[in-house]
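Working notes, beginning with the structure itself.
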Amino acid sequence: MYGIGTAGQITFTTGYSGFKAKGSTDDFKVTMRVIPLLAGYRHHFNGFFAEPQIGYGIYGMKIKGDDDFEGSDSEGAFTWAATVGYIFNKQVEVSARYQSGSKDGGNIPLFGLRVGYNFSLGGNK
């Protein structure tokens, strides 16, 4: 986050989320991964904040089945997110986030809850 003005910050978010699933007959396994690359703006309102973001996401999937069947694919897609939260004592952050990736009429939505501890790496606090 890079502070601008007295109540706003420009943000950049990236990370890695992975999900695993098994088929109903346990004859195949699916692994999915998401890597977002999102720029945004966080605005503070007396402890509360809102943060819309927009960018690109890398979405990958791997399928493993019986009889040595294996396949994988990875594609990029337009991605956006919206986060709302509250910061306690200027350090403990509790937030909820909705993120969505869209390509060729398809949509991959994600919802997350976060509890984090914010700290400074130097400079003005």
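Other residues sharing a hydrophobic cluster with Phe49 under the 4.5 Å side-chain heavy-atom criterion for ILVMFWY residues are Ile87.
A distance of 10.5 Å separates CD in Gln9 from NE2 in His43, rounded to the nearest 0.5 Å.
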Anything under 3.5 Å between a donor and an acceptor, one on a side chain of residues 107-115, the other on a protein residue two or more places apart or in another chain? List them.
unit_1 : atom_1 : unit_2 : atom_2 : d
Asn107 : OD1    : Ser100 : OG     : 2.4
Arg114 : NH1    : Glu93  : OE2    : 2.7

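Among pairs with a residue in residues 66-90, those fulfilling ring-ring contact (aromatic ring centres under 6.0 Å, His included) read Phe48-Tyr86, Trp80-Tyr98, Tyr86-Phe88, at least two apart in sequence or across chains. For residues 46-57, the side-chain hydrogen bond (donor to acceptor under 3.5 Å, both in side chains) pairs, not counting sequence neighbours, are Thr11-Glu51, Thr11-Gln53, Thr13-Gln53, Arg42-Glu51, Glu51-Gln53, Gln53-Arg97.
Listed here is the closest heavy atom pair of Tyr41 and Gly8: OH-CA, 3.3 Å. The shortest heavy-atom contact between Gly15 and Ile35 is O-CG2, 3.4 Å.
Using a 4.5 Å heavy-atom threshold, the side chains of Lys20 and Thr31 count as touching. Taking 4.5 Å as the limit, every side-chain heavy atom of Leu38 sits out of range of all side-chain heavy atoms of Thr14. At a threshold of 4.5 Å between non-hydrogen side-chain atoms, the residues Phe19 and Val30 do not count as touching. Side-chain atoms of Gln99 and Pro36, non-hydrogen and from C-beta on, do get closer than 4.5 Å to each other.
Residues passing the salt bridge (charged side-chain N to carboxylate O under 4.0 Å, His left out) test with Lys103 are Glu75, sequence neighbours excluded. Remark: Tyr2 engages no residue in a side-chain hydrogen bond (donor to acceptor under 3.5 Å, both in side chains) (not counting sequence neighbours).
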Please step through side-chain contact (heavy atoms from CB on, under 4.5 Å) for the pair Ser74 and Ile58, ending with a clear verdict.
CA-CA 7 Å; Ser74 182; Ile58 301 167; 3.7 Å; yes
Kindly determine whether Tyr59 and Arg33 satisfy side-chain contact (heavy atoms from CB on, under 4.5 Å), including the steps that lead there.
CA-CA 6 Å; Tyr59 298 83; Arg33 68 184 178 283; over 6 Å; no
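A donor-acceptor pair under 3.5 Å is formed between the side chain of Thr79 and the backbone N or O of Ala77.
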